[in-house]
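Atoms within each ligand, like the ligands themselves, are counted from 1 in listed order.
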Amino acid sequence: MDLNYSAEDLAFRDQVRSYLEANLPSDLQHKVLNHKRMSKEDYVRWHKILAKQGWVGTGWPPQYGGTGWTPAQRHIFEEECARIGTPAILPFGVNMVAPVIMAFGNQAQKDYYLPRILNCDDWWCQGYSEPGSGSDLASLKTRAERDGDHYIVNGQKTWTTLAQHADMIFCLVRTDPNARKQEGISFLLIDMKTPGITVRPIIMLDEDHEVNEVFFDNVKVPVQNLIGEENKGWTYAKYLLGHERTNIAAVGRAKRELQFLKRVAANHQKNGQPLIHDPIYASKVATLEIEIMALEITVLRVISQDSGRPGPEASLLKIKGTEIQQRLTELMVEAVGPYAQPFDPAFLEGETEHSIMSDDDAAALASYYFNFRKTSIYGGSNEIQKNIITQMILGL
Ligand SMILES: Cc1cc2nc3c(=O)[nH]c(=O)nc-3n(C[C@H](O)[C@H](O)[C@H](O)COP(=O)(O)OP(=O)(O)OC[C@H]3O[C@@H](n4cnc5c(N)ncnc54)[C@H](O)[C@@H]3O)c2cc1C
């Protein structure tokens with residue numbers, strides 16, 4: 001197995017790198033590199049810049065406006081974006097609902113939604129989880145009853161990321177309450193402006209408004225917003241989850257954050273010398289660096305094996321990737337100690353350039369640490385990923 005990049009891959013990397021250097025707005029880069037919060041406008045601005053270049057649909061086939069890149073090229077692109085510090089392209093439209101529309105939607109749905117997703121004309125959110133139906137998603141209760149040309153939707157979704165900005169939500173709804181639980185589910189696209197939808201914020205540990213509850217009270221949804229066949233939604237939902245797991249390891253970002261960690265540890269003192277020279281702290285950083293290198297090799301092995309869309313190995317990448325992300329935030333907070341404590345929302349929101357404390361590197365770290373507790377829960381909790389590994393890889 002050759003894990004080295006080919007000459008063409010290296011040329012592609014240079015092309016991506018020079019494009020990003022020339023086109024990434026410095027204010028967006030500053031926010032990303034300093035762990036500040038991104039606004040809706042920030043995400044949309046970067047999405048539209050990339051859309052102009054034709055580089056949004058990196059996993060899409062060219063017939064729908066995708067790049068048609070190889071798995072290695074996609075990996076290189078993601079690495080370069082992480083290295084320089086671009087905002088994320090949010091996955092809900094491009095990587096989640098779009099592949100489902102391509103695979104199971106009708107022509108009218110493809111023609112209408114796919115170009116709008118590429119250009120970020122609609123902000124999408126994901127309506128899967130419900131209170132009591134997270135890991136056990138197939139137990140979901142939100143009801144959709146057919147009434148002529150419409151479905152009438154009643155129920156509640158929860159943990160809906162950034163639904164406060166959303167124009168559209170893709171939802172799993174129960175259309176047949178009498179069928180076996182996986183068999184009575186359908187996949188609906190719902191306009192968030194429809195009367196009867198209420199979005200309520202859930203404020204996170206770091207006081208950020210990132211997730212929501214979404215309530216449906218007799219919401220009328222046209223039947224043409226059904227994807228594929230009624231009661232076949234579970235098949236489409238599982239197909240989508242396979243796409244959700246691309247780039248789940250986020251190795252590129254881990255490598256960038258490791259450099260940040262080393263810088264912070266070099267700038268903070270312990271016993272009169274830079275913390276990074278303290279043998280105990282240095283060994284923790286070294287252990288983490290080795291973990292990151294091992295994860296990178298694993299990602300490259302997965303990419304070199306097939307289409308780049310990992311099967312059950314995705315669970316392994318998710319667990320290791322999120323453990324590393326959380327460990328990075330732990331070591332950052334450990335490095336700056338009490339300097340992480342002040343809560344400075346104006347700085348986090350990018351309203352002030354400098355923190356009320358003198359140390360800008362430290363000012364966002366407590367928020368970053370708290371926020372990243374989420375990574376071992378969302379996208380299928382790490383315990384559920386371990387179940388998948390025991391069943392699908394170890395065959396237990
Ligand atoms: C920040 C954030 C953003 C999110 N965004 C979205 C979104 O946009 N859209 C959306 O639909 N959902 C979203 N989610 C929901 C997410 O998918 C669920 O939180 C996740 O699937 C876990 O479900 P749960 O919260 O109901 O926990 P539960 O399923 O109740 O699990 C509770 C605990 O029990 C463990 N557990 C459960 N079952 C098993 C088992 N069989 N074996 C071993 N351990 C088990 C879990 O690992 C967990 O530790 C988000 C969650 C978070 C935290």
*Asks:* Should the pair Y128 and F187 be assigned to parallel (<30°), tilted (30 to 60°) or perpendicular (>60°) ring geometry?
*Replies:* perpendicular
*Asks:* Check whether any N or O atom of E383, backbone or side chain, sits under 3.5 Å from an N or O atom of ligand 1, and answer yes or no.
*Replies:* yes
*Asks:* Given that the side chain starts at C-beta and the backbone is N, CA, C, O, which of these parts of T161 lies under 4.0 Å from ligand 1, counting heavy atoms, or is it both or neither?
*Replies:* both
*Asks:* Any side-chain donor paired with an acceptor under 3.5 Å for N231 and T175?
*Replies:* yes
*Asks:* One residue to check: L137. Relative to ligand 1, which of side chain, backbone, both or neither has a non-hydrogen atom less than 4.0 Å away?
*Replies:* neither
*Asks:* Where's the contact between S135 and ligand 1, heavy-atom distance under 4.0 Å: side chain, backbone, both or neither?
*Replies:* both
*Asks:* Residues in side chain to side chain donor-acceptor pair (under 3.5 Å) with T375, at least two apart?
*Replies:* Q326
*Asks:* Which ligand 1 atoms does V211 reach within 4.0 Å, using its non-hydrogen atoms?
*Replies:* 1 (C), 2 (C), 3 (C)
*Asks:* Evaluate the 4.0 Å heavy atom contact test for atom 33 (C) of ligand 1: does a protein atom fall under the cut-off?
*Replies:* no
*Asks:* Examine Y128 against ligand 1 and note whether any of their N/O atoms are separated by less than 3.5 Å.
*Replies:* yes
*Asks:* Could you name the option among G132, G134, G127 that has the heavy atom nearest to atom 24 (P) of ligand 1?
*Replies:* G134
*Asks:* Between E79 and R256, is the closest basic N to carboxylate O distance under 4.0 Å?
*Replies:* no
